[in-house]
Amino acid sequence: MYRPTRTAATAAAGIAMALALTVAPAALTVATASAAAASESGAQGWDVSGSFGTQQECVAAGDAGVADGSWAQYRCVLFEARWDLMTPA
């Protein structure tokens with residue numbers, strides 16, 4: 001009796017893993033596609049003013065723009081491992 005139960009549990013675990021590996025990339029693709037569309041077109045009313053390797057670089061550039069009067073506000077948005085500096089259009 002022990003062997004059939006163990007076999008069934010192993011099969012169930014395998015099916016669960018296969019489903020997780022199949023469904024997760026699909027959800028990730030949808031999220032990435034949505035982020036790509038938002039970043040490429042910019043959020044409505046916002047333009048991409050630069051792209052930076054770290055959040056700190058993006059914030060420094062955004063603060064510099066506020067200080068010199070280029071814009072009153074900004075957003076740093078993570079997109080494809082880069083930080084995009086978003087400024088009002």
Side-chain angles (χ1 to χ4, degrees):
M1 207 49 131
Y2 177 72
R3 187 176 184 115
T5 303
R6 184 174 175 190
T7 302
T10 303
I15 291 169
M17 288 177 64
L19 286 174
L21 293 173
T22 302
V23 174
L28 180 61
T29 301
V30 170
T32 303
S34 298
S39 182
E40 287 176 9
S41 65
Q44 188 171 9
W46 293 82
D47 291 329
V48 178
S49 296
S51 184
F52 303 90
T54 67
Q55 183 179 18
Q56 291 78 13
E57 293 171 344
C58 182
V59 169
D63 288 342
V66 169
D68 71 14
S70 296
W71 47 78
Q73 59 182 345
Y74 67 90
R75 297 178 185 170
C76 288
V77 179
L78 183 61
F79 176 70
E80 292 184 359
R82 301 285 296 170
W83 288 91
D84 287 345
L85 175 62
M86 305 291 289
T87 56

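Using a distance-only test at 3.5 Å, with no hydrogens or angles considered, no donor-acceptor pair links the side chain of Arg75 to the main chain of Met86.
Ala61 and Trp71 get closest at one heavy-atom pair: O-CZ2, 3.7 Å. For the residue pair Pro88 and Trp46, the shortest heavy atom distance occurs at N-CE3, 3.5 Å. For the residue pair Cys58 and Trp83, the shortest heavy atom distance occurs at CB-CB, 3.9 Å.
Between the side chains of Asp47 and Thr87, no donor N or O sits under 3.5 Å from an acceptor N or O.
The closest side-chain heavy-atom distance from Cys76 to Leu85 is below 4.5 Å.
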Candidate pair Tyr74 and Val59, rule side-chain contact (heavy atoms from CB on, under 4.5 Å), full reasoning: CA-CA 9 Å; Tyr74 67 90; Val59 169; 3.5 Å; yes

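Between the CD atom of Glu57 and the CZ atom of Arg82 there is a distance of 7.5 Å, given to the nearest 0.5 Å.
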